[in-house]
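When reading the values below, keep in mind they use all heavy atoms of this one structure, side chains included, and skip hydrogens, waters and symmetry mates.
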Amino acid sequence: MNSSTSLASFYALTAVCFWGISFVSAKVVLPFIDSSTLLFIRFGIGALFLFLLLLFSKGAKLPPLRYLPHLFVLSVIGVFVHQLLQLTALLTIDASAAGWMISFAPVFTVALSIVCLNERLTPKKSVGIVIATIGVILVISGSNGQSVAFYANIGYFLKLLSTLNWAIYSIL
């Protein structure tokens, strides 16, 4: 493995680790900070990081002005709405359930790709959808030692909506 592949793998692993702990850390912090304050802090840290990255990157350019409306819509859908739904869901569900439910994102993305982008549903995609759906349902419903059942909890609905929202963002 060459150094650029190793560096890319390190960055990908780092991103996955930060993403993975976000559910747990948000769940721990939410009793002490309301969700809008937490969103503001997260966005502030992210904006500062991206600004510093842009500042110190060689040859980095701002996008052309004509893309700003698209970027605005994507940031509202893929960042603000997604995070707001996710944080609100975490008020009533476990962080582990939220973490597993995000696994529905590829399922929703495939379904939307078929509908919106005229992609074909291959047997391999079908098997993946079925396995992912069964796996997520078994993990989140059986985590308390109970039989497979969905709970009447708004948090699960909001997390599912958050995951669908992420798929829409990905398609856009």
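Put simply, the side chain of T37 does not reach to within 4.5 Å of the side chain of R42, judged on heavy atoms. Residues V81 and I77 have side chains not in contact (no heavy-atom distance under 4.5 Å, counting atoms from C-beta outward). For the pair N2 and T5, the minimum side-chain heavy-atom distance is below 4.5 Å. Counting only heavy atoms from C-beta outward, the side chains of L158 and I93 never approach each other to under 4.5 Å. L164 places a side-chain heavy atom less than 4.5 Å from the side chain of L112.
Shortest non-hydrogen contact noted between Y156 and M101 is O-CE, 3.3 Å. What you find for F108 and A167 is that their closest heavy atoms are CB-CB, 3.5 Å. Contact between L39 and Q83 at its shortest, heavy atoms only, is CD2-CB, 3.1 Å. In terms of heavy-atom proximity, A89 sits nearest to G155 at CB-O, 3.3 Å. In plain terms, the two heavy atoms of D94 and L90 that are nearest each other are O-CD2, 4.2 Å. When all heavy atoms of K125 and R120 are compared, the pair lying nearest together is NZ-O, 3.2 Å.
V76 and V79 fall within a single hydrophobic cluster, where Ile, Leu, Val, Met, Phe, Trp and Tyr are joined by side-chain heavy atoms under 4.5 Å apart, directly or via other members. Under a hydrophobic-cluster definition in which Ile, Leu, Val, Met, Phe, Trp and Tyr are linked whenever side-chain heavy atoms come within less than 4.5 Å, directly or via other members, L68 and L74 are assigned to different clusters. Placement of I21 and L13 in two distinct hydrophobic clusters is found when ILVMFWY residues are connected by side-chain heavy-atom separations under 4.5 Å, directly or transitively. Note: the hydrophobic cluster containing L117 also contains I168 (ILVMFWY, side chain heavy atoms under 4.5 Å, direct or indirect links). No continuous path of hydrophobic side-chain contacts links V24 to I33 [ILVMFWY only; heavy atoms under 4.5 Å].
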Practice prompt. Would you check, one step at a time, whether the test side-chain hydrogen bond (donor to acceptor under 3.5 Å, both in side chains) holds for S162 with N165?
Written response: CA-CA 5 Å; S162 162; N165 180 70; 6.0 Å; no
I129/L121 under side chain to side chain contact (heavy atoms under 4.5 Å, CB included): CA gap, chis, key distance, verdict:
CA-CA 10 Å; I129 288 171; L121 181 62; 4.1 Å; yes
*asked:* If you apply the rule side chain to side chain contact (heavy atoms under 4.5 Å, CB included), what do you find for L62 with L54, and how did you get there?
replied: CA-CA 8 Å; L62 291 175; L54 182 65; 3.5 Å; yes
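Atoms CZ and CG, on F49 and L52 in that order, are 8.5 Å from each other to the nearest 0.5 Å. With values rounded to the nearest 0.5 angstrom, L84 atom CG is found 6.0 Å from S35 atom OG. L160 CG to L85 CG: the interatomic distance, rounded to the nearest 0.5 Å, is 11.0 Å. For the atom pair L91 CG and L30 CG, the distance stands at 5.0 Å (nearest 0.5 Å). L55 contributes atom CG, which lies 5.0 Å from atom CZ of F51 (distance to the nearest 0.5 angstrom). Here L87 contributes atom CG and H82 contributes atom NE2; the two are 9.0 Å apart, rounded to the nearest 0.5 Å.
Within a 6.0 Å radius of OH in Y67, no more than 12 heavy atoms belonging to other residues, nucleotides or ligands are found. The environment of CG in L65 is sparse: at most 12 heavy-atom neighbours from other residues, nucleotides or ligands sit within 6.0 Å.
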